[in-house]
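Quick caveat, the model's predicted, so the values are computed rather than measured.
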Amino acid sequence: MNPIFLKQAIEIAVASVRRGGGPFGALVAKDGAVIAAGSNQVTGANDPTAHAEVVAIREACQILRTFQLAGCDLYSSCEPCPMCLGAIYWARPSRVFFAATHAQASEAGFDDSFIYRQIEMAPEARIIPMLRVDDPDANAPFEAWLAKGDRRDY
C-alpha cells in the first residue's frame, strides 16, 4: 500500500468537486507508478457509469492494452459502490485500497445500500422490475461464444 497514492485519489476527488463533479477519485498503479486516474464524471458527461473507479479502470486498460489489471492496485477515495465493485471484479486488479467508507458516502447523500438490497431480491420484485422473457434463442449467443475457437476467455 502506497499512502501517497491514496492521498492522490483523495486529492482527485476534492479537485473533482471544485470542477463541479462528484466527490470521488481513483487511480490505478502498477510497479510503483500511477498508470491511470479518474474522477467522478456522472453529471458532467451525463453518464451514470462514469464513476471514478470505472473511469480509472477504463483508462488503465487502454494504456496497458488489456482488459484485466493483474499486478495493478486500485486506490479510491471511497469504498467502491456495487457497480464499481462489479467492474473491479471483472478487471481483476491485485488489490483495492480505499479511504472513506460507504457509510461516510451515505452521510454525504450517496447512499447505495438500497442497491445491495435490490441485488438480493428476485428480479421481478425489484424497484425497477426485471422480467425474464422466455425466448427459444436465448442461449444462441452463448452457443456461438462456446463454438468460437479463437475466443479470448475472461
Minimum heavy-atom distance between [X] and [Y], given as atom pair plus value:
X: Gly38; Y: Ala52; value: O-CB, 3.6 Å
X: Ala9; Y: Ala26; value: CB-CA, 4.3 Å
X: Asp112; Y: Pro82; value: OD2-CD, 3.4 Å
X: Ala70; Y: Lys30; value: O-NZ, 3.8 Å
X: Ala105; Y: Cys78; value: CB-SG, 3.8 Å

Output a table of donor-acceptor pairs, distance under 3.5 Å, between side-chain atoms of residues 59-66 and any protein atom two or more places apart or on a different chain; print 'none' if there are none.
residue : atom : partner : partner atom : Å
Thr66   : OG1  : Gln68   : N            : 3.3
Thr66   : OG1  : Gln68   : O            : 3.4

- Is Leu74 reachable from Leu69 through a run of hydrophobic residues whose side-chain heavy atoms are each under 4.5 Å from the next? yes

- Message: Please determine whether residues Ile35 and Tyr75 belong to a single hydrophobic cluster, defined as Ile, Leu, Val, Met, Phe, Trp and Tyr linked transitively by side-chain heavy-atom distances below 4.5 Å.
- Response: no

- Is there a donor-acceptor contact under 3.5 Å from the side chain of Thr101 to the main chain of Gln104? yes

Identify, with sequence neighbours excluded, every residue that meets side chain to side chain donor-acceptor pair (under 3.5 Å) alongside [X].
X: Ser77; value: none
X: Thr49; value: Asp47, Arg58
X: Ser106; value: none
X: Arg126; value: none

- Can you list every pair that meets ring pair (Phe, Tyr, Trp, His ring centres under 6.0 Å) and has a residue in residues 107-132, with sequence neighbours left out? Phe24-Phe110

- Who pairs with Arg151 by salt bridge (charged side-chain N to carboxylate O under 4.0 Å, His left out), at least two apart in sequence or on another chain? Asp153

- Task: Taking salt bridge (charged side-chain N to carboxylate O under 4.0 Å, His left out) as the test, write out the residues that go with Arg132, two or more places apart.
- Result: Asp134

Partner set under side chain to side chain contact (heavy atoms under 4.5 Å, CB included) for [X], not counting sequence neighbours:
X: Thr43; answer: none
X: Gln8; answer: Ile4, Phe5, Glu11, Leu27, Val34
X: Phe142; answer: Asn139

Gap between atom [atom2] of [Y] and atom [atom1] of [X] - 0.5 Å precision:
X: Cys81; Y: His102; atom1: SG; atom2: NE2; result: 11.5 Å
X: Met121; Y: Ile127; atom1: CE; atom2: CD1; result: 7.5 Å
X: Glu120; Y: Ile115; atom1: CD; atom2: CD1; result: 13.0 Å
X: Ser39; Y: His51; atom1: OG; atom2: NE2; result: 12.0 Å

Only pairs under 3.5 Å count here: list side-chain donor-acceptor contacts from residues 84-100, not counting sequence neighbours, and write none if there are none.
residue : atom : partner : partner atom : Å
Arg92   : NH1  : Tyr154  : O            : 3.2
Arg92   : NH2  : Tyr154  : O            : 2.7
Ser94   : OG   : Gly71   : N            : 3.1
Arg95   : NE   : Asp73   : OD1          : 3.1
Arg95   : NH2  : Asp73   : OD2          : 2.7

